[in-house]
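All of these numbers come straight from a predicted model, not from anything done at the bench. Heavy atoms only: backbone and side chains are in, while hydrogens, waters and symmetry mates are out.
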Amino acid sequence: MQIFHRFCTLLFVALIVYRIVRKEKSADSNMNAPVRDGSDRNVPARGSSGQDIPGRNDSGQNIPEQDMPDQNALRRDIPEQDMPDQNALRQNIVERSGILVWGPLLAMFVGIRLLGLGAIPGGINQDEAMGAVDALALSKYATDRFGTFLPAHFTAWGFGQMSVLLSYLMVPFIKLFGFDTFAVRLPIFLLSLAGAAAVCLFVKQAFGKRAAAITFAFLLINPWHFMQGRWSLDCNAFPHMFVLGFCLLALGLQKARYLYLSMLCFALSMYAYGVSFFMVPFFLLGACLCLLFSKKVSIRQCLLMALIYFGISFPIYGTMLINFMKWDTVRLPFVTMPYFKDTIRSNDILFFSGNVLQQLEANLRVFLRVAYLQAPDLIWNAIDDFGTMYQVSLPFILLGLVIAIYTAIKGKEEKQRILCRLLVIYWFSCVLQGCCINLVNVNRINAIFYSHIIFAGIGIAFLVKRWRAAAGITAGVYLILGMLFFNRYFTVWADEMEDYFYRDFIEAVEFAGNQQSDYYYITPDVQYDGFAHVSEILTQYALKVDAKYYQGETNDFMGNDIPYHERFHFENPDVEHLNNWDDVVYVIKTENVRYYHMDSFKIKCFGDYSVVMPIQNAEF
């Protein structure tokens with residue numbers, strides 16, 4: 001597969017270079033060539049004397065000029081209202097053909113992303129489960145699972161916090177469809193569709209319909225856009241919310257009301273991922289200066305936009321300030337800005353590193369490998385053979401970046417220049433973010449990939465416009481890659497992800513919960529040995545543990561009146577003193593079933609995990 005990628009990458013580079021060089025040579029030769037009149041295509045032939053040669057009839061005889069029909073007279077004899085409008089007819093054909101082509105592509109775009117949304121990837125990620133459990137608490141009590149009222153940021157693991165936006169978006173779907181994996185993943189699916197629409201709309205504004213159509217086709221098979229839109233990691237909401245704001249800001253150049261709507265999206269993006277603090281403010285500052293110097297907005301409009309932005313985002317800014325200054329939690333009637341005493345998130349930031357320059361060099365090196373060279377990443381972020389954008393896309397991404405920078409400086413149309421300046425500011429803000437966050441992976445630099453999609457669309461459109469023969473080659477390569485990617489995703493990758501997303505463990509815990517026993521001993525060795533907090537959050541997700549029960553405000557859960565911390569034990573039991581008489585359930589690794597004697601216990605296996613019960617209490 002790597003050989004195919006390298007061959008196609010070199011092929012695309014050769015096509016681009018060849019077409020650029022040939023265009024320059026063609027321009028030089030045209031300047032020195034004699035001017036030729038190509039307007040004689042439909043003009044009757046003339047003799048040596050310059051007079052028209054008479055027409056001929058079917059027998060080959062000459063027709064006297066005076067006997068030839070007057071075409072203009074014939075056209076005048078047809079009533080004007082009966083003459084077909086050629087432009088309208090041509091436009092109608094184009095529109096109908098567009099619907100026939102893009103209608104099925106749009107259905108495919110949505111359908112393939114919706115296919116198996118709640119089942120692939122199988123199981124659930126621990127962070128995804130964390131956000132879902134907090135969303136369940138919000139849907140019932142307007143608190144997280146710890147009882148914090150409408151938090152601006154989640155306590156999550158305690159040592160590491162979590163953004164809240166995606167969990168808040170889950171609430172209406174949980175109420176509508178119930179608490180399951182499909183409802184949990186539906187918000188990110190819809191956000192990814194909205195982000196794709198925003199990108200295509202921006203490209204259409206800046207580079208026309210053809211570039212927008214090519215960008216849409218690239219989005220259809222794009223690995224990063226497809227994969228992140230199918231499971232609900234909190235940070236995956238950030239690029240979509242940001243690009244929605246970016247598109248609305250571009251629309252605001254025509255209608256001012258979109259400027260203010262864009263601030264809503266930018267403000268909400270602050271609740272989508274913590275790294276937004278190293279990107280969004282810098283982008284907004286750069287965009288503000290760009291639009292002010294271009295005289296597209298007034299100072300009054302900028303102040304109003306700032307008011308909207310900070311009016312919505314001040315709770316998350318306040319939360320960060322509280323934790324930086326180590327102040328106490330602030331509770332307002334509509335939001336809580338919590339203090340996290342055990343946080344270690346500052347370790348991820350460049351400015352809190354021991355050697356800033358050395359860390360900056362390492363950050364830049366890793367950023368380039370992840371964002372451009374598409375080095376192998378976590379399996380749930382990218383498939384090694386395909387990367388985030390397909391490795392063959394790098395020439396188009398770089399070409400699109402050069403085109404955007406060139407157009408931002410020397411573009412002929414003012415609107416296009418300004419849009420490209422905003423795009424370049426967007427891209428540069430992402431680069432700045434990649435340098436400020438230590439050792440980024442695909443998750444931490446996810447906002448840059450929308451700009452790469454735009455650049456790739458621009459680059460492909462540039463090549464296709466100047467050499468139509470390249471369209472078939474490019475489409476063929478991406479069609480092959482797309483089919484190979486989707487085949488891998490829904491088969492081999494889907495099977496591998498069931499282990500990474502704990503499908504066997506979830507099924508074992510769900511089965512154990514249906515036994516409604518008094519006590520549960522659940523292995524802490526799910527992610528790593530002794531990581532009880534991962535086993536606990538996955539158990540809370542699988543059993544839909546009520547927040548009030550977890551907090552100790554009630555002891556009534558699953559038909560028993562036993563406190564949560566007495567009922568659930570996330571530890572491996574002492575195999576020398578196993579309890580085979582109480583109403584107890586053990587969820588253990590299957591490799592440890594040898595410690596449970598068949599004459600005393602009954603065992604049900606779920607792949608890597610097993611459920612064990614005393615034989616007198618087991619009903620399976």
Side-chain angles (χ1 to χ4, degrees), residues 163 195 199 202 224 235-247 249-250 262-263 265-293 305-306 309-310 313 316-317 320 324 345-353 355-375 377 388-389 397-398 400-402 404-405 408-409 418-455:
S163 302
V199 164
F202 173 82
W224 169 79
C235 64
N236 283 345
F238 174 60
H240 309 304
M241 193 59 63
F242 179 88
V243 84
L244 281 171
F246 179 70
C247 178
L249 184 65
S262 72
M263 293 302 110
C265 293
F266 287 128
L268 291 178
S269 71
M270 305 301 298
Y271 297 93
Y273 199 14
V275 300
S276 59
F277 286 89
F278 297 95
M279 177 188 170
V280 178
F282 296 102
F283 168 79
L284 291 179
L285 178 60
C288 178
L289 294 175
C290 171
L291 297 178
L292 277 174
F293 287 133
M305 287 189 288
Y309 171 74
F310 286 110
S313 63
I316 189 64
Y317 275 98
M320 297 303 157
F324 180 77
R345 284 301 190 190
S346 60
N347 297 338
D348 298 333
I349 302 172
L350 170 67
F351 307 108
F352 293 95
S353 304
N355 189 325
V356 174
L357 291 179
Q358 184 177 355
Q359 187 64 53
L360 177 61
E361 180 186 357
N363 290 352
L364 184 59
R365 183 172 60 252
V366 172
F367 166 75
L368 293 174
R369 291 183 68 250
V370 172
Y372 289 94
L373 301 181
Q374 303 179 50
D377 202 272
T388 52
M389 301 278 133
I397 293 171
L398 296 178
L401 173 59
V402 171
I405 294 174
I409 299 172
I418 295 173
L419 290 177
C420 286
R421 288 170 187 170
L422 292 176
L423 177 59
V424 172
I425 294 170
Y426 168 15
W427 168 78
F428 184 76
S429 300
C430 292
V431 174
L432 182 64
Q433 173 194 335
C435 294
C436 291
I437 304 301
N438 293 344
L439 307 179
V440 297
N441 60 7
V442 168
N443 293 335
R444 294 185 175 188
I445 197 61
N446 54 17
I448 200 173
F449 295 117
Y450 265 133
S451 69
H452 285 181
I453 289 171
I454 295 173
F455 292 146

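- Smallest separation of non-hydrogen atoms from Ala272 and Ala237: CB-C, 4.1 Å.
- No side-chain heavy atom of Phe293 sits less than 4.5 Å from a side-chain heavy atom of Ile418.
- With rounding to the nearest 0.5 Å, the separation of CG in Leu422 from SG in Cys290 is 5.0 Å.
- When every heavy atom of Pro239 is checked against every heavy atom of Ala447, the shortest pair comes out as CB-CA, 3.9 Å.
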Task: Stepwise side chain to side chain contact (heavy atoms under 4.5 Å, CB included) test for Met279 and Phe238 - done: CA-CA 11 Å; Met279 177 188 170; Phe238 174 60; 3.9 Å; yes
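- The shortest distance between side-chain heavy atoms of Asn236 and Asn443 falls below 4.5 Å.
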One pair to check against side chain to side chain donor-acceptor pair (under 3.5 Å): Asn438 and Asn363. What are the steps and the verdict? CA-CA 6 Å; Asn438 293 344; Asn363 290 352; 3.1 Å; yes
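- No side-chain heavy atom of Leu284 sits less than 4.5 Å from a side-chain heavy atom of Met305.
- Heavy-atom minimum distance, Cys435 versus Leu364: SG-CD1, 3.9 Å.
- Residues forming a side-chain hydrogen bond (donor to acceptor under 3.5 Å, both in side chains) with Tyr317 (at least two apart in sequence, or on another chain): Tyr309.
- Side-chain N or O atoms of Gln374 include one that pairs as donor or acceptor with a backbone N or O of Met389 at under 3.5 Å.
- Phe449 has its side chain out of reach of Val243: every pair of non-hydrogen atoms, C-beta onward, lies at least 4.5 Å apart.
- For the pair Cys247/Val199, no side-chain contact is recorded, criterion being any heavy-atom separation below 4.5 Å from C-beta on.
- Asp377 places no side-chain N or O within 3.5 Å of a backbone atom of Asn441 that could act as its donor or acceptor partner.
- Ser429 contributes atom OG, which lies 9.0 Å from atom CG of Leu285 (distance to the nearest 0.5 angstrom).
- Contact detail for Cys420 and Ala404: the closest heavy-atom pair is CB-O, 3.5 Å.
- Every residue meeting the side-chain hydrogen bond (donor to acceptor under 3.5 Å, both in side chains) condition with Tyr450, not counting sequence neighbours, appears here in chain and number order: His225, His240.
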From CA spacing to verdict: ring pair (Phe, Tyr, Trp, His ring centres under 6.0 Å), Phe266, Phe246: CA-CA 8 Å; Phe266 287 128; Phe246 179 70; 7.9 Å; no
Where do Leu368 and Leu373 land on the side chain to side chain contact (heavy atoms under 4.5 Å, CB included) test, with the steps shown first? CA-CA 6 Å; Leu368 293 174; Leu373 301 181; 5.7 Å; no
(Q) Run Phe283 and Leu432 through side chain to side chain contact (heavy atoms under 4.5 Å, CB included) and show every step you take. (A) CA-CA 10 Å; Phe283 168 79; Leu432 182 64; over 6 Å; no
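- Of the inter-residue distances, the one linking Ile453 atom CD1 with Trp224 atom CH2 reads 5.5 Å to the nearest 0.5 angstrom.
- Taking all atoms of both residues into account, the shortest heavy-atom contact from Leu439 to Val366 is CD2-CG2, 3.7 Å.
- Atom CD1 of residue Ile445 and atom OG1 of residue Thr388 lie 11.0 Å apart, to the nearest 0.5 angstrom.
- Nearest heavy atom pair, residue Ala408 against residue Val424, reads CB-CG2, 4.5 Å.
- Between Arg444 atom CZ and Phe278 atom CZ the span is 11.0 Å, to the nearest 0.5 Å.
- Between the side chain of Arg369 and the backbone N or O of Ala375 there is no donor-acceptor pair closer than 3.5 Å.
- The shortest distance between side-chain heavy atoms of Ile316 and Phe277 falls below 4.5 Å.
- The distance between the ring centers of Phe428 and Phe282 does not fall below 6.0 angstrom.
- Atom CE of residue Met270 and atom OG of residue Ser163 lie 10.0 Å apart, to the nearest 0.5 angstrom.
- By the 4.5 Å heavy-atom criterion applied to side chains, Phe455 and Leu423 are counted as neighbours.
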